[in-house]
Amino acid sequence: MSTEKFDPAAILAEPVPAPVAQSDLNSTGNGDGGKRELVLGRNVHTSCLAVTEPDADDDVTGDKDAYMAGVLSRYRKTLLGRTKHHLGYPYNLDFDYGALAQLHHFSINNLGDPFIESNYGVHSRQFEVGVLDWFARLWEIEKDDYWGYITNCGTEGNLHGILVGREVFPDGILYASRESHYSVFKAARMYRMDCVKVDTHVSGEIDCADLKVKLLANKDKPAIFNVNIGTTVKGAVDDLDLVIQTLEECGFTQDRFYIHCDGALFGLMMPFVKRAPKVSFKKPIGSVSVSGHKFVGCPMPCGVQITRLQHVNALSSNVEYLASRDATIMGSRNGHAPIFLWYTLNRKGYKGFQKEVQKCLRNAHYLKDRLQDAGISAMLNELSSTVVFERPMDEEFVRRWQLACEGNIAHVVVMPNVTIDKLESFLDELVEKRSTWYDDGKQVPPCVAREIGSDRCLCGQHK
């Protein structure tokens, strides 16, 4: 141990670590010198914005501030351009939260249980619980019977819902359709759960006949089930009532199964669609999650998770350091997100959301019809605003419009900010590009009969 006297005012001559060599960036990190394979888009290291040290006289010249202001101005222009050509991901970009700018100067943190105050006083629990009560009414559960919190994203809602199911049934088997969100299977890996993937229909909806076979093969273990209220790629809605009926027909009483409903996008749209099956805690479900940055239009990722109060006690513990209870996945939680959600719910209300849902469904049908009229294979599930169509041949076109793709198909998610004019612009460009892709006859549009059904496929074989 050094005997040198500690000087709290002393500084290192060179506090900045040396830059990482480019060859190190290509390493796999396991010491074998292998190359890191970049398979999902462009390498951001080629365009990242470096963090550099201010010059010694920067306080006088202000050069660094001017440089950063220029970077941010150019970045804003980039965001405007990318927002203009955004169609493939379920984010509502139509919002104005200027009234909340006054709160950006505060570090708002809702660490701990939403219903029990912490010693940290800069929180927004009063907004958070107000939002949770709104969703509890939407999903028909009394205030005294539910527990929930505002998560950092939809994935966290799934992680929490499945964790609650695992705590209720430690030896339970997780069942999920093959078209469930990847976070469901991530939860199975994280919690070391046995997971059974169930087949789906061509629409993306779970095949309850296959579910029945797999339930009967594991009758000795409780069932933990993920029900999709809108699948990621096709926007398919699993039939909750049929899932419950199948469980009961296989001999699973309500004390031997737990159902989590993943309603990331459509969980907030379904209540406003006529003839749509109802997601309600009056049915034997255990939890529901929904994203806040999707249909609601919150500018930062967040979500809402609601479960039954009786279930959450299994994973709760009191934390003296917080003077609160720990029952969430994360510790610190964004305290700004509840305020944004509260603000939007108050401004729009049930009637406002109903109008936006109707607009989205109407515009989605318009897009599907226009695609088919142009000879492009397309599908739209009845309760969905996700239009699935043949994958464009040109990856630059895919990137320009930020389309989500899987195999031979791509999709557009029609959100409240997606206007008819925007769809027309997309369609005109797609039709024009497509005429050049397939003009010489060497390339042909892909057959997507397996993905969307032969009756919707307009390839040379099925037209």
Side-chain angles (χ1 to χ4, degrees), residues 38-44 47 78-94 154 179 181-182 202-204 230-236 264-266 269 291 293-295 297 301 360-361 363-381 384-438 443-453 456-459:
L38 301 174
V39 296
L40 300 176
R42 297 167 177 168
N43 182 359
V44 181
S47 59
T78 298
L79 291 179
L80 289 172
R82 300 309 284 141
T83 298
K84 182 179 179 181
H85 295 95
H86 172 267
L87 283 177
Y89 294 87
Y91 306 133
N92 181 3
L93 307 181
D94 183 18
E179 300 204 24
H181 190 259
Y182 65 85
V202 71
S203 66
T231 57
T232 309
V233 176
K234 298 179 181 177
L265 171 60
F266 295 108
M269 297 177 68
S291 294
H293 56 288
K294 292 180 180 172
F295 192 77
C360 290
L361 296 180
N363 289 354
H365 278 275
Y366 173 83
L367 173 60
K368 185 261 295 181
D369 291 341
R370 283 292 313 276
L371 286 167
Q372 291 179 337
D373 290 345
I376 301 171
S377 304
M379 178 186 83
L380 174 63
N381 277 309
S384 176
S385 67
T386 299
V387 181
V388 182
F389 59 101
E390 65 184 51
R391 181 173 185 158
M393 182 179 170
D394 184 4
E395 288 302 312
E396 281 300 319
F397 180 86
V398 169
R399 278 193 288 270
R400 170 173 163 78
W401 286 98
Q402 301 163 66
L403 302 177
C405 301
E406 185 177 88
N408 286 330
I409 56 175
H411 75 203
V412 165
V413 184
V414 180
M415 300 298 286
N417 63 293
V418 177
T419 63
I420 291 294
D421 288 343
K422 189 171 188 175
L423 294 176
E424 288 285 1
S425 177
F426 167 74
L427 285 161
D428 290 345
E429 188 173 331
L430 176 60
V431 170
E432 180 184 355
K433 292 280 188 182
R434 200 168 176 270
S435 66
T436 62
W437 298 337
Y438 306 123
Q443 299 285 346
V444 295
C447 174
V448 291
R450 185 173 64 86
E451 290 88 351
I452 66 174
R456 303 183 187 94
C457 181
L458 300 180
C459 73

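In this text, all values refer to a predicted model and were calculated from it rather than measured experimentally.
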Note, [X] side chain near [Y] side chain (heavy atom, < 4.5 Å):
X    : Y    : value
L371 : L430 : yes
F389 : V412 : yes
V413 : L265 : yes
N92  : F295 : no
C360 : P416 : yes
F266 : T386 : yes
K294 : Y91  : yes
D94  : M415 : no

Where do [X] and [Y] come nearest, in terms of heavy atoms and distance?
X    : Y    : result
A404 : G88  : CB-O, 3.5 Å
H411 : V233 : ND1-O, 2.7 Å
P392 : L403 : CG-CD1, 3.8 Å
S377 : C459 : OG-N, 4.0 Å
L458 : Q372 : CD1-O, 3.8 Å
E451 : C447 : OE1-O, 3.9 Å

Flag, side chain of [X] to backbone of [Y], donor-acceptor distance under 3.5 Å:
X    : Y    : answer
N381 : K234 : yes
T231 : A236 : yes
T83  : L80  : no
Q402 : H85  : yes

Might you confirm whether atom [atom1] of [X] has over 12 heavy atoms from other residues, nucleotides or ligands at distances under 6.0 Å?
X    : atom1 : value
R450 : CZ    : no
K433 : NZ    : no
E424 : CD    : yes

Please round to the nearest 0.5 Å and tell me the distance separating atom [atom1] of [X] and atom [atom2] of [Y].
X    : Y    : atom1 : atom2 : answer
R399 : C405 : CZ    : SG    : 10.5 Å
M379 : S384 : CE    : OG    : 8.0 Å
M269 : L361 : CE    : CG    : 5.0 Å
L423 : L87  : CG    : CG    : 6.5 Å
R82  : L93  : CZ    : CG    : 11.5 Å
K422 : L427 : NZ    : CG    : 13.0 Å

Original post:
Do the side-chain N and O atoms of R434 and Y438 include a donor-acceptor pair separated by under 3.5 angstrom?
Top reply: no
